[in-house]
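Scope of the values below: all heavy atoms of this structure, side chains included, with no hydrogens, waters or symmetry mates. Letters A, B, ... are given to chains in the order of the sequence lines, protein chains preceding strands, and every chain is numbered from 1.
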There are 2 protein chains.
Amino acid sequence: MATIQDVAKAAGVSAMTVSNVINGHPNVRPATRDRVLEAMDRLGYRVNVAARNLRKGRTGTIGLAVPEINRPYYGRLAASIIAAAARHGLRVSIEQTGARRENELAALSLSRNRLYDGLILSTVGMGPADVGALDVDHPVVILGERIFGGPVDHVAMPNEAASQAATRHLVERHCRRIAIVCGRLGGEADVSSLRHAGYLRALAAAGLPADPELVVTAESLTMREAARAVRQRMADGPGFDGVFCVTDTVAMGVLRALADAGVRVPDQVKVIGFDNVDESAYLVPSLSTVDPDHDLMADRAVGLLAARIDGGGPEREREEFAGPFRLVVRESTGG
Amino acid sequence: MATIQDVAKAAGVSAMTVSNVINGHPNVRPATRDRVLEAMDRLGYRVNVAARNLRKGRTGTIGLAVPEINRPYYGRLAASIIAAAARHGLRVSIEQTGARRENELAALSLSRNRLYDGLILSTVGMGPADVGALDVDHPVVILGERIFGGPVDHVAMPNEAASQAATRHLVERHCRRIAIVCGRLGGEADVSSLRHAGYLRALAAAGLPADPELVVTAESLTMREAARAVRQRMADGPGFDGVFCVTDTVAMGVLRALADAGVRVPDQVKVIGFDNVDESAYLVPSLSTVDPDHDLMADRAVGLLAARIDGGGPEREREEFAGPFRLVVRESTGG
DNA sequence: GCTGCCGTTTGTATCGATAAAAAGCTGCCA
DNA sequence: TGGCAGCTTTTTATCGATACAAACGGCAGC
């Protein structure tokens with residue numbers, strides 16, 4: 001594989017001149033430039049990125065750590081982030097953490113290896129107790145839930161507000177016994193807890209009691225576990241007329257479980273999700289949901305990260321950005 | 001940020017000794033090792049991967065180029081590949097090509113930049129005419145469709161065989177006018193053409209005529225376009241009693257379009273897809289499909305690539321591997 | 001013809017880690 | 001005591017690109 005030296009020799013110039021041509025520096029005589037370009041072409045020269053990275057101290061790659069890329073929500077998020085990063089001239093490398101705390105911490109340390117110029121971390125497993133791990137000397141942006149007081153930039157989902165709006169929508173559609181399907185509660189700042197809080201607030205605002213019977217807890221936020229949890233709860237009749245699902249993926253599992261039990265949606269039970277993944281509009285019945293504007297959040301997250309990378313040193317204050325959201329009403333809540 | 005030299009100085013040894021400790025070489029006295037480890041810990045030392053890459057001529061990262069990560073099939077594929085790569089100690093960086101030929105070619109050239117040790121390319125836009133572009137001097141594995149005679153390893157979907165099996169299944173369920181929903185035909189080796197060929201073969205084997213009216217062509221293999229194409233075709237009644245959809249994503253669009261038209265699945269029309277993405281089991285009705293064993297294919301693709309990277313030089317013959325598949329019967333074809 | 005300036009080109013050092021070879025140490029035996 | 005084998009450790013050179021400063025060449029002006 002040809003190096004810059006080979007090209008230099010072939011073109012009868014120094015390596016620096018070749019470098020100058022590659023990087024579009026001014027003050028290279030056109031005739032020289034042409035000679036160099038011709039030599040590069042002839043030798044099939046390609047920049048060695050490792051060498052450039054070493055010299056420049058940058059890799060041009062950011063890391064994206066998500067629980068699992070194979071879930072509509074994270075797929076969608078990743079797509080938005082890859083696109084946003086490309087606009088900043090950055091590539092994206094994806095780590096799967098399996099929502100496990102230790103893997104999320106490992107992702108942080110990879111980025112310390114200078115493999116990435118910065119890291120976008122979608123935390124799920126880490127809790128407030130791990131805030132210390134975030135206190136690193138390289139750019140990190142948390143995307144998703146809320147890490148209290150973490151010393152990093154943070155783009156937050158509008159968890160509580162949007163959950164409240166979703167639940168309120170069920171109230172407005174005359175649901176009176178509204179269930180929530182979520183993951184295990186107890187953490188301070190995970191998706192389930194935050195969205196559960198929004199759900200409770202909506203109930204309170206509507207003067208509805210918060211019946212613990214109506215909290216359906218799945219082992220994990222997957223279709224399988226959501227369906228299983230709902231089936232179990234429905235052993236003796238639904239006992240609810242509305243369901244707020246903490247993600248659209250969960251909602252898909254719930255819709256399936258309801259269908260298995262012969263429960264008609266939206267006639268007998270109304271269902272609303274959270275995320276507005278692409279699939280939601282195409283389900284039968286199509287799924288009402290709240291849409292947190294992924295593109296905007298991705299754009300903001302990458303923007304913050306890029307700013308940190310480009311020298312926005314540690315003296316810059318950390319930023320918090322809470323995304324906007326939009327209620328999307330479809331068939332599953334009666335259109 | 002501390003370098004290996006800093007650690008060496010702090011531990012009172014040479015840089016090489018530190019390097020030896022890092023890389024777990026034998027012949028480092030335990031006492032020395034401890035001293036080095038302590039210094040590394042104290043200084044918060046992290047390997048500079050760019051420097052190591054330069055020296056070793058490897059990056060430890062492979063590229064995965066897919067049309068769009070935000071589609072269930074590619075998400076699933078990416079998840080499998082990331083997992084398989086991790087087993088080989090490789091990281092995965094994802095490029096989105098948008099199924100566009102020029103982006104697929106660009107992905108090839110990125111890998112030429114030695115950014116990646118190798119590339120797994122899921123071709124969609126490139127055709128047999130671009131075979132020349134694949135003749136590169138670094139490891140590439142094509143995953144997906146068939147590139148005739150490309151000078152690279154190739155893990156192929158069992159496109160024709162599985163499509164034939166899916167269509168045959170519809171025949172066995174007494175469908176007599178079986179439609180196919182696919183993308184534009186005409187290419188020699190794209191998904192749609194190959195799966196269309198399998199569909200035709202099944203019809204021929206069953207002695208059914210191949211009515212061009214039953215070929216529904218979508219602009220792209222998305223839910224939106226599939227739904228649009230089917231709606232258009234159904235303006236004057238369905239005219240078919242079975243549909244083979246070239247992907248599960250397409251099937252989701254089709255199911256939605258049928259629901260909109262008040263057509264009952266599977267009573268009036270039976271539907272089968274291709275891919276067995278996670279969502280398929282949870283749709284209402286759940287989707288029959290063929291499952292190409294993504295994990296196995298991912299494993300094989302990464303395995304081939306890793307072998308090429310580890311010196312399996314260009315003299316090794318290129319390999320072709322056609323994945324197995326499995327028919328998955330669910331509600332959409334009558335259970 | 002000489003000076004000085006400006007646009008162009010080149011030499012040298014460097015980023016940080018590591019392969020290969022050389023040099024230091026031990027301890028053991030003759 | 002000298003010599004040698006076998007671990008340990010260090011020295012030196014290198015991967016390829018680029019920052020920086022120095023050198024070069026041509027030309028206008030005196």
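Taking B:His138 as the reference, B:Ser111 meet the side chain to side chain donor-acceptor pair (under 3.5 Å) condition, with sequence neighbours excluded. The side chain to side chain donor-acceptor pair (under 3.5 Å) check on A:Glu68 picks up A:Arg71, with sequence neighbours excluded. Considering only residues two or more places apart in sequence or on other chains, B:Asp293 meets the side chain to side chain donor-acceptor pair (under 3.5 Å) condition with none of them.
Distances shorter than 4.0 Å separate some side-chain N or O of A:Thr32 from OP1 or OP2 on C:dT9.
Going from atom CZ of B:Arg58 over to atom C1' of C:dA19 covers 15 Å, rounded to whole Å. The interatomic distance linking B:Asn27 (CG) with D:dA5 (P) rounds to 17 Å, in whole Å. Going from atom CG of B:Asn53 over to atom C1' of C:dC15 covers 14 Å, rounded to whole Å.
Residue B:Val18 is out of contact with every strand shown, counting any heavy-atom pair closer than 4.0 Å.
Considering CD1 of A:Ile94 and CG of B:Leu64, their distance stands at 9.0 Å, rounded to 0.5 Å. The CG atom of A:Leu121 lies 10.5 Å from the CD atom of A:Glu95; values are rounded to the nearest 0.5 Å.
Comparing C:dG7, D:dC7, D:dT10 against the side chain of B:Thr17 picks out D:dT10 as the nearest.
Using five terminal pairs a side, the axes of the helix from C:dG1-D:dC30 to C:dA30-D:dT1 at its two ends make an angle of 70°, given in steps of 10 degrees.
Checked by atom type, the side-chain pair A:Asp117/A:Thr59 shows a donor-acceptor distance below 3.5 Å. If you check the side chains of B:Asn70 and A:Asp278, you find a donor sitting under 3.5 Å from an acceptor.
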Checklist entry - In the 5'-to-3' direction, what one-character label does each nucleotide of nucleotides 16-21 of chain D receive under the scheme B = base within less than 4.0 Å of a protein heavy atom, S = sugar-phosphate only, - = no such atom? => result BBBBB-
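Screening residues 40-57 of chain A for salt bridge (charged side-chain N to carboxylate O under 4.0 Å, His left out) gives A:Glu38-A:Arg42 as the qualifying pairs, with residues at least two apart or on separate chains.
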